[in-house]
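Okay, so here's the structure we're looking at.
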Amino acid sequence: MQTPRTKIADALRLDPPQAGLRVKGWLRTNRVSKQVVFLELNDGSCFANIQAVCGEELANLEEIRHFTTGSAVEIVGELIASPAKGQRVELRATEVKLIGRADPSYPLQKKRASFEYLRSVAHLRVRTNTFGAVFRTRSTLAQAVHRFFQERGFYYVHTPIITAADCEGAGEMFNVTTFDVGAPARGDNGKIDWHQDFFSRPTYLTVSGQLNGETFALGLSDIYTFGPTFRAENSNTPRHVAEFWMIEPEMAWYDLDDDATLAEEFVKHLLRTALSECSEDLAFFNDRIDPGLVARLEHVVNSGFERMRYAEAVERLQASGQSFEFPVFFGANLQAEHERYLTETIVGRPVFVLDYPKEIKAFYMRRNDDGRTVAAMDLLVPKIGELIGGSQREERLDVLEETIKEAGLDAETYSWYLDTRRFGTAPHAGFGLGFERLLMYVTGMENIRDVIPFPRTPRNCDF
RNA sequence: UCCGGAGUAGCUCAGUCGGUAGAGCAGGCGGCUGUUAACCGCCGGGUCGGGGGUUCGAGUCCCUUCUCCGGAGCCA
């Protein structure tokens with residue numbers, strides 16, 4: 001009867017001595033001496049490796065000497081207090097077995113590699129310190145998202161991935177079709193006949209679950225979505241991917257202030273969770289990726305977020321005397337440089353910018369009484385700029401019909417959406433948070449392609 | 001998509017004025033040590049991103065193209 005496997009995270013927490021411990025993992029390094037071989041094993045259960053010491057009493061010591069980096073290995077041994085510096089405990093091996101040998105051409109040798117290179121081996125990069133830490137943190141924060149909303153009585157809604165709304169106001173969309181793209185069905189006029197396609201109309205991958213989410217909020221009151229989102233925009237930046245995960249809560253009876261309050265609590269909850277549950281991984285990020293990270297996150301958790309109307313933000317940017325590449329004036333979209341200056345220099349902490357000019361925001365945002373702004377909010381945070389975008393939604397049927405027309409959209413496509421305003425409409429609000437953007441903020445990783453398992457970007461859909 | 005930068009050994013990079021390709025690490029072999037980015041010695045390893053041009057001669061200069069990275073835009 002075999003003893004069960006102990007995860008390395010658990011083994012490292014035990015008090016020595018512990019006989020007969022069995023661990024399994026992948027070899028990070030193999031240091032060979034004349035009489036002794038040191039194996040360091042990692043199974044992903046925590047950041048740290050466990051060091052196994054293999055002595056001459058092992059019959060297969062000669063084989064162990066040649067274990068290659070990356071190999072899958074099983075070790076049974078006694079957990080003892082380590083006589084050497086560098087680790088509290090170590091495993092004195094009594095049995096060492098090679099489960100899966102790594103060819104010497106293993107791409108992740110004991111050598112610093114660039115993130116750029118590691119993207120080309122995305123199927124293996126999770127075995128590195130950095131990516132192990134990133135994806136443990138990602139998992140923890142995904143759970144924290146659900147916990148935050150569940151604790152507040154929100155319902156999790158699975159909004160559709162395939163949509164027919166040809167303009168949800170957020171960038172280019174991917175087509176979804178069963179047509180042979182080389183020979184799509186055509187009508188008599190030679191144009192593509194979408195009636196013959198699977199859905200009998202053009203369809204796309206969703207760019208947002210919001211409109212569907214709103215219908216559920218106007219029934220379940222408090223809901224959120226958390227799912228994949230797609231943008232076919234030809235964006236080549238460290239902040240954009242074609243497939244990403246977005247969190248979109250939607251709340252009936254909320255106004256813009258309530259919306260911002262929830263967003264602030266939400267962000268703080270996620271950062272607090274990361275600080276308390278991912279401390280070992282965050283310590284690594286703080287040490288090797290982004291010095292000052294932990295202090296910055298703690299600062300945000302402990303500070304009240306500023307709230308500032310767009311008009312005031314423009315005035316204060318103008319009064320700052322700072323020279324920007326793009327001019328600042330009422331009616332202008334705040335550029336990345338403006339957003340960062342505002343949150344980093346003028347305010348020095350996260351700031352909600354509220355009540356934007358209606359011309360630069362989406363049709364569904366609620367018109368303010370001043371006639372020229374809408375109840376929109378952006379949360380700007382130091383170092384990365386916009387983290388959250390949200391708004392109170394236009395609940396008045398006549399106003400909404402007007403803004404759809406002004407936006408040049410087809411009211412017919414939105415008839416179901418307009419129905420919610422026709423039948424028991426109610427004030428409501430919501431926001432969207434890009435999960436990967438949040439992860440960048442929490443980990444200090446500077447490229448979004450390094451916080452999602454298999455990034456999809458223009459010209460890149462490997463793996 | 002626009003602007004800028006970069007593609008040289010498995011990885012990270014150097015390569016001068018145009019003269020025929022190097023280092024560190026990794027790998028293989030050997031040595032040595034309770035080691036921990038281990039250390040020491042030896043060895044193997046290259047279509048210099050692709051195509052074209054100039055030249056006696058191109059990694060190097062010119063044109064073109066592809067890809068990647070950064071900035072901007074779009075946005076989350």
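Naming convention: chains lettered A, B, ... in sequence-line order (proteins, then strands); numbering from 1 in each chain.
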When you check the gap from the basic side-chain N to the acidic O, do A/R372 and A/E359 get nearer than 4.0 Å?
no
For a quick test of your reading: what N or O donor-acceptor pairs under 3.5 Å do the side chains of residues 7-14 of chain A make, sequence neighbours left out?
from: A/D10; atom 1: OD1; to: A/R13; atom 2: NH2; distance (Å): 2.9

Please name all residues satisfying ring-ring contact (aromatic ring centres under 6.0 Å, His included) with A/F154, sequence neighbours left out, ordered by chain then number.
A/F149
For A/Y156 and A/Y224, I'd like to know if the aromatic rings sit close, meaning centre-to-centre distance below 6.0 Å.
yes
A/E277: what forms a salt bridge (Lys or Arg N to Asp or Glu O under 4.0 Å) with it, not counting sequence neighbours?
A/R147
Among residues 38-47 of chain A, which residues get a heavy atom nearer than 4.0 Å to RNA chain B?
A/F38, A/E40
Under 4.0 Å, heavy atoms only, any strand: does A/Q87 hit a base, just the sugar-phosphate, or nothing?
base
Tell me every residue that passes ring-ring contact (aromatic ring centres under 6.0 Å, His included) with A/F47, counting only those two or more places apart in sequence or in another chain.
A/F284
Where do N or O atoms of nucleotides 28-32 of chain B meet protein N or O atoms at under 3.5 Å, pair by pair?
from: B/C32; atom 1: OP2; to: A/K34; atom 2: NZ; distance (Å): 2.7

Are OP1 or OP2 of B/A38 and a side-chain N or O of A/T29 less than 4.0 angstrom apart?
yes
Please enumerate all residues that pass ring-ring contact (aromatic ring centres under 6.0 Å, His included) together with A/Y155, with sequence neighbours excluded.
none
Non-neighbouring partners of A/Y310 that pass ring-ring contact (aromatic ring centres under 6.0 Å, His included), sequence neighbours left out
A/F330, A/Y356
Which part of the nucleic acid, if any, lies within contact of A/L387, taking any heavy atom under 4.0 Å across all strands shown: a base, the sugar-phosphate backbone alone, or nothing?
sugar-phosphate
Would you confirm whether A/T140, through its side chain, and A/R136, through its main-chain N or O, come within 3.5 Å as a donor-acceptor pair?
yes
Between B/C25 and B/G44, how far is it from one C1' atom to the other, in whole Å?
16 Å
Figure out the CZ/C1' separation between A/R459 and B/C69, and round it to whole Å.
12 Å
NZ or CZ of A/R307 within 45° of A/F305 ring axis and under 6.0 Å
no
Are A/D43 and A/R28 close enough for a salt bridge, meaning some N to O gap below 4.0 Å?
no
Please identify which of these residues, A/T206, A/L205, A/V207, meets the side-chain contact (heavy atoms from CB on, under 4.5 Å) condition with A/M173.
A/V207
Distances for protein N or O near nucleotides 7-14 of chain B N or O, under 3.5 Å:
from: B/U12; atom 1: OP1; to: A/S114; atom 2: OG; distance (Å): 2.7

Please find out if less than 6.0 Å separates the ring center of A/Y254 from that of A/H428.
no
Strand RNA chain B in bracket notation, Watson-Crick/G-U under 3.5 Å with | for pairs to another chain
(((((((..((((.....[..)))).(((((.......))))).....(((((..]....))))))))))))....
Which value, in whole Å, describes the distance between the C1' atoms of nucleotides B/A26 and B/A37?
12 Å
Under 3.5 Å, which N/O atoms of the protein pair with N/O atoms of nucleotides 70-73 of chain B?
from: B/G70; atom 1: OP1; to: A/N447; atom 2: ND2; distance (Å): 2.9
from: B/G73; atom 1: OP1; to: A/Q335; atom 2: OE1; distance (Å): 2.1
from: B/G73; atom 1: N2; to: A/N234; atom 2: O; distance (Å): 3.4

Would you please name every residue forming a side chain to side chain donor-acceptor pair (under 3.5 Å) with A/E312, sequence neighbours left out?
A/R316
Between B/A38 and A/R31, is there an OP1 or OP2 to side-chain N/O distance shorter than 4.0 Å?
yes
Salt-bridge test for A/K405 and A/D410: reply yes if a basic N is under 4.0 Å from a carboxylate O, no otherwise.
no
Between A/R367 and A/E394, is there a salt bridge with N-O shorter than 4.0 Å?
no
